[in-house]
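First up is the structure itself, then whatever we jot down about it.
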Amino acid sequence: MRNPTTASRTSWQWNARIGYQYSFSPDNYIQPFGFFENLFFLEEFRQLQLFYIPISNINTGFSINRSQANERLRSQTKDSPTIRGLSSARNFSFAWKLTENGLLNLSGDYAVDVSTSMVHLELDRYGRQRDFQQIMNQIFLQDQFINFGFDNAYNQTVSVNTRPKVPAMFDLNKYVSVTARYNVGYRWQNSLQQGTLGISTGWGNSITFSSDVSLKSFVETWFPAQSVTDDAAVPAPVQSRGMRDRDEEDTAPEKSIPDSTASIIADTTVVVKKSSGEGLIGFARILIKTPFLDYDKININFTQSNSANNGGVPGRPGFTNFFGRVPFIQQSEPQYGPTRAYQLGLVSTPGASITDVFLKPQFPFVGFNTDADKEIRARGAQLSDGYTQNNKLSFRTSRDLWTGARLDLNWNLGWNYSRTTRLNIDSATGLATSRSIATGGSIERSFFTLPPVFLFSMFKSGIEQVGKIYSESVPTDNAPNQDQKLAKAFEEGFESLPILKKLFGEYFPRVNYSFRWDGLEQMSLFKSFATRVSLDHAYQSNYSRTFIGSVGGGDVTQSQRISYAFAPLAGLSVSFKEVLKGTMSANVRYGSNVTYDLSPSSKNIVESVGNDMSLTGSFAKSGFEIPLFGLSLQNDIDISFTYSFAKNSRTTYDAKGKSFNAKGTPGEGSTRTQMEPRIRYVLSARVTASLFYRYTKIAPDEGGSRIPGSTTNEGGVDVHIAIQ
């Protein structure tokens, strides 16, 4: 290659790869209890499959890549230094399964990928280029079977899955399902230029748990349906008739039956006698099952993710510590790299091994003691270790209220934690000393707050309640901890139903819901003109708080946010009966959302309010014919209309000293209105024409807006002709 700056340039590259894969038979198992048919306590485990070859498949491979580039610049009299590349990569993975139809049913995967640099093999001790044969001699059958070079990247993944068997007691296995998964990814990197200081490690894991409970089906077993007892139905005796009588009856004229005879006939119907316990069951159905237990399915999901990052870690990537040391018998060796416990994501210190396991009353109910104080790091270095944790917990359920009406409920909770530790490493011993620790985190949960309007004012929640609580907690202008008292008043003042708050504090989520009612077309109001009518309503609210650790212990609130939205407050969808042999539908929605942001340090609360309304309508007719020049052409037409209105406003509430401005200071706001009718016409799938008009108006509020007011009118015609 040549260009104005390069006199000549040559380069070449080649790569090679070899791989192997093998899958074991899925029938490598035994059923140890399959022969015990009459032992009731082993009945649940008759189908237990124990895999004597737990490996499902194996996959491994090796690749090598070599390249060179030589270049001479026009500004130089000799060639530039040769750019050499020689690297390799190897991978190994397998899937495993221990049992099936057992208690835990453990299975999982393991995978490792290693990248190495072999560029040092390109030159001999005198700096001369080795030929291909000499390089191969350096790679194979020297001091080791294969010389892979210097490892510079190591990535390992371990996953464990379990589907625990739910006990058959009370038929729980028919109504409850449980799954859990643990996954951890471990990484090791070496820059190869800075020695031990250039080695960094880290891991990230995830713990997931999910359970489905068919509550309605399970509770039905507690409230059996009413049954008819043996003596409940006593039919009246029927006299048999001969053939002659039957013929006479068929030909006889109809006679009126006296009232007394009618009463006798009515008495011959079946009489149902209720047992003594059915009245109590029916009473329990009305007071307990219907309002509290009549939910289709409860879904519980929990996810936790952790991560750790560390630098200046001596030793190799850690493969030998993971597979070459006996757990709980042989300790990990520092020269081999991070410990097995670290690679599995159980500890956040690379050189720490687990010395003791104990149970504790808090989640995750299992704790470890480690020897982290004996860890050796890059001598004389100043390092920073990071650790984060994120947790999410959710509950979801739904139920039918009446025919066509359905209610969905959900609760959400999330809490996060982060820690940054700065270390000084002793230049002689390599032991670490903590220089400083910075912690922080956040809490986020579903919330329930209602605006203090109409009947909702009975809940005593809103911005005025925040001001009242704050004024009571700050008796003087110089009261201490005003910002943290404002943060406390912010949460308490907006909470409409503080149920169980004293027991669970800010970690107890509140319910959010959505409601949908289908089948309204059966009502007399819609029956004459609609084929389908549905009504929607949904409420969503959220509370979040971010904090940092305090020097004296505890935490300090940095920011808070409370938001709630009726999305929509009301939404109505209507599909009309046939109009002009076409279909017509309409949709109307109105929603509202409010957000409050608090910065305790600045002592102000910012309220953002948004209200929106939308209206859409459409009419479509297809396949109608229009004769033209003796031809019968197929035509389609679509007519649509959309209208939207959105209003946004902003208000700031200040809390300076003891005072609290509950009226607020109006800020910027605007109103946006948009309307668009559109007609689309298709002629025999060859000609498509669209005609539209769009009106947009933006008007700033009296408080002002950064967006200037404007009015826009747009229109256009779009025609497409397909020629084949």
Side-chain angles (χ1 to χ4, degrees), residues 15-24 51 53-65 86-98 106-118 139-140 144-161 181-192 196 198-207 305-311 313-327 330-354:
N15 57 75
R17 173 176 172 78
I18 183 173
Y20 175 78
Q21 183 177 0
Y22 182 79
S23 298
F24 292 86
F51 290 85
I53 299 181
I55 306 299
S56 303
N57 61 70
I58 294 177
N59 188 0
T60 185
F62 171 75
S63 64
I64 186 170
N65 182 288
L86 182 59
S87 62
S88 67
R90 56 194 187 274
N91 67 279
F92 174 70
S93 64
F94 63 88
W96 56 273
K97 181 187 291 187
L98 294 182
L106 293 174
S107 63
D109 302 276
Y110 174 85
V112 62
D113 295 279
V114 187
S115 298
T116 60
S117 174
M118 308 168 70
I139 295 176
F140 297 101
Q144 50 189 342
F145 183 72
I146 300 178
N147 181 9
F148 292 107
F150 298 112
D151 296 335
N152 54 18
Y154 182 96
N155 294 280
Q156 177 181 272
T157 303
V158 178
S159 65
V160 180
N161 309 315
R181 175 181 173 85
Y182 179 78
N183 178 274
V184 57
Y186 161 72
R187 63 188 179 277
W188 179 95
Q189 292 182 330
N190 188 357
S191 63
L192 300 178
T196 303
I199 301 176
S200 62
T201 63
W203 56 261
N205 69 12
S206 64
I207 305 169
S305 59
N306 302 269
S307 65
N309 296 281
N310 310 90
V313 182
R316 294 185 57 79
F319 185 85
T320 303
N321 279 336
F322 194 88
F323 285 105
R325 313 295 293 175
V326 180
Q330 293 178 305
Q331 293 293 326
S332 299
E333 295 293 339
Q335 65 267 25
Y336 297 139
T339 64
R340 182 190 296 109
Y342 180 84
Q343 296 180 53
L344 288 175
L346 303 178
V347 298
S348 59
T349 305
S353 296
I354 297 176

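Atoms considered below: every heavy atom in the structure, side chains included; atoms not considered: hydrogens, waters and symmetry mates.
Between Tyr154 and Phe319 there is a side-chain heavy-atom pair separated by less than 4.5 Å. Between Leu344 and Val158, the closest side-chain pair of non-hydrogen atoms falls below 4.5 Å. Counting heavy atoms from C-beta on, the side chains of Val114 and Phe92 never come closer than 4.5 Å. Contact check for Trp203 versus Pro338: no side-chain heavy atoms found under the 4.5 Å cut-off.
Between atom CG of residue Asn190 and atom OG of residue Ser115 there is a gap of 12.0 Å, rounded to the nearest 0.5 Å. Between the OG atom in Ser88 and the CG atom in Asn15 there is a gap of 12.5 Å [rounded to 0.5 Å]. We find the CD1-NZ distance between Ile55 and Lys97 to be 12.5 Å, quoted to the nearest 0.5 Å. Separation of atoms CZ (Arg340) and CZ (Arg325) is listed at 9.0 Å; rounding is to 0.5 Å.
The shortest heavy-atom contact between Asn147 and Met118 is O-CE, 3.4 Å. Closest non-hydrogen pair, Tyr182 versus Leu346, comes out as OH-CD2, 4.3 Å. Across all non-hydrogen atoms, the minimal contact from Thr201 to Pro350 is OG1-CG, 3.9 Å. Of all heavy-atom pairs spanning Ala352 and Val347, the tightest one is O-CG2, 3.8 Å.
Checked against a 6.0 Å centroid threshold, the rings of Phe323 and Tyr110 count as neighbours.
Side chain to side chain, Asn161 and Arg181 meet the donor-acceptor criterion of an N or O pair below 3.5 Å. With hydrogens and angles left out, the side-chain atoms of Tyr342 and Asn310 include a donor and acceptor closer than 3.5 Å.
Evaluation of the salt bridge (Lys or Arg N to Asp or Glu O under 4.0 Å) rule for Arg187 yields no partner, not counting sequence neighbours.
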For residues 57-65, which side-chain donor-acceptor pairs fall under 3.5 Å, sequence neighbours excluded?
residue : atom : partner : partner atom : Å
Thr60   : OG1  : Asn91   : O            : 2.9

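Within the 3.5 Å criterion, the main-chain N or O of Phe148 finds a donor-acceptor partner in the side chain of Thr116. Although no hydrogens or angles enter the test, the distance criterion places no donor-acceptor pair under 3.5 Å between the side chain of Gln331 and the main chain of Ser353. Listed for the Ser159 side chain is a donor-acceptor partner under 3.5 Å among the backbone atoms of Asp109. Distance alone, capped at 3.5 Å, is enough to place a donor-acceptor pair between the Asn321 side chain and the Gly337 backbone.
By the 30° and 60° cut-offs, the orientation of the rings of Phe24 relative to Tyr22 is perpendicular.
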**OP:** Give the C-alpha distance, both sets of side-chain angles, the deciding distance and a yes or no for side chain to side chain donor-acceptor pair (under 3.5 Å) between Asn306 and Asn205.
**Re:** CA-CA 5 Å; Asn306 302 269; Asn205 69 12; 3.1 Å; yes

**OP:** List the steps, then state whether side-chain contact (heavy atoms from CB on, under 4.5 Å) holds for Val112 with Tyr186.
**Re:** CA-CA 9 Å; Val112 62; Tyr186 161 72; over 6 Å; no

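Residue pairs satisfying the salt bridge (charged side-chain N to carboxylate O under 4.0 Å, His left out) criterion with at least one member in residues 146-156, sequence neighbours excluded, are listed as follows: Arg90-Asp151, Asp151-Arg316.
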